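Predicted, not measured: the structure shown is a model, and the values here were computed from it. Note that ligands are numbered from 1 as they come in the structure, with each ligand's atoms numbered from 1 the same way.
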Amino acid sequence: MQATTHDRPDPGPDRHRTGAGTTPDDHIVVIFGATGDLARRKLLPGLFRLARSGLLPAGYRVVGSAPAADALGDEAFRAHARDAVEEFGDSEPAGADWEAFEKALSFGACDPGDPGPLLAAVAAAERAVGGRPRRLFHLAVPPAAFASVIGTLGSTGLAEDARVIIEKPFGTDLASARALNETVHAVFDESRVFRIDHFLGKESVDNILALRFANGLFEPVWNRDHISHVQIDVPETIGIEGRAGFFEQTGTFRDMVVTHLFQVLGFVAMEPPPSLDAQDLRDETAKVFRALRPVDPAHVVRGQYDGYRREPGVAPGSDTETFVALRTHVDNWRWSGVPFFLRSGKSLGERRQVVTLHFRQPPLGMFTDAPHSGAALRCNALVVDFDDPGWIAADFLAKEPGPAMRLAPARMTFRYADSVQRRHGLEGYERLILDAMLGDQALFTRSDGIERLWEVAGPLLRSPRAVEPYAPGSWGPASVDALVAPHHWYLPDMPPGGQGSGAS
Ligand code: BG6
């Protein structure tokens, strides 16, 4: 039976983004790829945290699924979940909360030609919950498996009235993203599709909207008249962590830039939306993506860390980039002439997730002692660190106490770690799974936005420049400095109380 959800759009969010949180309807959550890395690191610990926090509905079941070759029995799946929470969760898998969660777990294998065990597990879970619980399918499987899982959900009728979370990367280029959208839309109406980008679930990324649109202070200067350039920087210290199979096919540009960094850019660059509803918010990011200039390979540095080609599973002559830095523009009135510099890479000197808006210098230099060195001038910036737990700082120049008018760098900081509300904070995946259960698509990517980003990426995907080597622990190939000249890469020190330090 082919599902007919196309004719019946989702009724929409059960909770308005501007309102207080409510708990979702009763749910059956099915995780495809339940024995995989993502489920172990994020999804199972995240669901337990939601359960423990009382954010899951009274009636819920979590059904793990995988091809028969990797299938687990119910008990083995519970043990697998316990290990996952032990290793990656924020609390012990013990006590009454854990026992209740564990009871809600079961497993059903699913292969394209043999979905029987999964159908039986879902039916049993539905009986256990009673009534008509909603189904939410989470496709935590390699992108190559998306189409076949979607096909199975359609042909078995499981998709009916259900919602689906699809992992990134959604396609590998424009043609494949379009084809995947068609496959998905044959079974799920767009209103039931939740393409996940976990950066959009980060508190501090959502907080960019609050910073900009809940205050009169920042928005008036958030434009080309006052901002000289914007840097979105996600250096990572980790390497590819044994993910050669995925990484060789994907590379940093597809893995990090076309997805996470462009989505963050969408929040930084958007016009004020009429509301925070999914449609209004995603209309505004789609407008940014339409104005985003196609990536010019001449303004891109692709790097590969020394030793990458010796990683198990990596081709000896691999041209896959583990680092990318690029310069792009948003061609609209607000941002005309303001370069956006994006950088991300593996095995770099520090881990950061940070947006820096650099302000123009004042027109008149009346401070004879003003520090004119690059580092001091870079004090004129607003820094949004969106790594968990995140912080925001305004870097500026202040008068040093004393008889002379001497200037020194100063900083005002808001730190999430000090915020009393932090106990309500959710990790990116937790927040987004909850939003999907509530039917709120605001922080999920939409088909038109995704396709436009692949279009923007096209020139680089078609004509990549050769990768340049860089030393692990460095800041990438030396040519990244020329890319941003006359500006400089800026990696601000963490505010007091943070860990680590270091500027590029
Ligand atoms: C993932 C990428 O989507 O995001 C990884 O596939 C990357 O390569 C990770 O390391 C970074 O996310 P986080 O959770 O560290 O913010």
Show which atoms of ligand 1 fall inside a sub-4.0 Å distance from at least one heavy-atom site of [X].
X      : result
Phe199 : 12 (O), 16 (O)
Gln353 : 13 (P), 15 (O), 16 (O)
Ile238 : 10 (O)
Lys346 : 5 (C), 7 (C), 8 (O), 10 (O)

Next on the checklist: Is the contact between Thr259 and ligand 1 made by the side chain, the backbone, both, or neither, using heavy atoms and a 4.0 Å cut-off?
Outcome noted: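 No part of Thr259 comes within reach of ligand 1.
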Checklist outcome for this item: Note: Arg351, heavy atoms under 4.0 Å from ligand 1, region reported as side chain
Checklist entry - Please walk me through it: do Thr322 and Tyr470 pass side-chain hydrogen bond (donor to acceptor under 3.5 Å, both in side chains)? => result CA-CA 10 Å; Thr322 59; Tyr470 64 93; 2.8 Å; yes
Next on the checklist: Assess whether a salt bridge exists between Glu455 and Arg178, defined as any Lys/Arg side-chain N lying under 4.0 Å from an Asp/Glu carboxylate O.
Outcome noted: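 Answer for the salt bridge query: no.
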Item to check | Arg82/Glu102 ion pair, N-O < 4.0 Å | outcome: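 Here Arg82 pairs with Glu102 in a salt bridge, since their nearest N and O are under 4.0 Å apart.
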For [atom], find the nearest protein heavy atom and state the residue, atom name and distance (0.1 Å precision).
atom                    : result
atom 1 (C) of ligand 1  : His260 NE2, 3.6 Å
atom 6 (O) of ligand 1  : Asp255 OD1, 2.7 Å
atom 13 (P) of ligand 1 : His198 NE2, 3.4 Å
atom 10 (O) of ligand 1 : Glu236 OE2, 2.5 Å
atom 16 (O) of ligand 1 : Lys202 NZ, 2.7 Å

Item to check | side-chain contact (heavy atoms from CB on, under 4.5 Å), paired with Ile433, selected from Leu47, Val29, Ile31, Leu438 | outcome: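 Exactly one option meets the side-chain contact (heavy atoms from CB on, under 4.5 Å) with Ile433, and it is Leu47.
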Checklist outcome for this item: Only one of Thr285, Val193, Asp283 passes side-chain contact (heavy atoms from CB on, under 4.5 Å) with Arg446, and that residue is Asp283
Item to check | Centroid-centroid distance, His27 to Tyr60, less than 6.0 Å | outcome: no
Next on the checklist: Quick one, Ser479 with Glu468, criterion side-chain hydrogen bond (donor to acceptor under 3.5 Å, both in side chains). Give me CA distance, side-chain angles, the key distance, then yes/no.
Outcome noted: CA-CA 9 Å; Ser479 53; Glu468 299 171 40; 2.6 Å; yes
Checklist entry - Does Arg452 count as lying over the ring of Phe289, i.e. NZ or CZ under 6.0 Å from the six-ring centre, within 45 degrees of the axis? => result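 No cation-pi geometry.
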Checklist entry - Which is closest to atom 8 (O) of ligand 1 in terms of heavy atoms, Arg243, Glu427, Lys42, Met256? => result Arg243
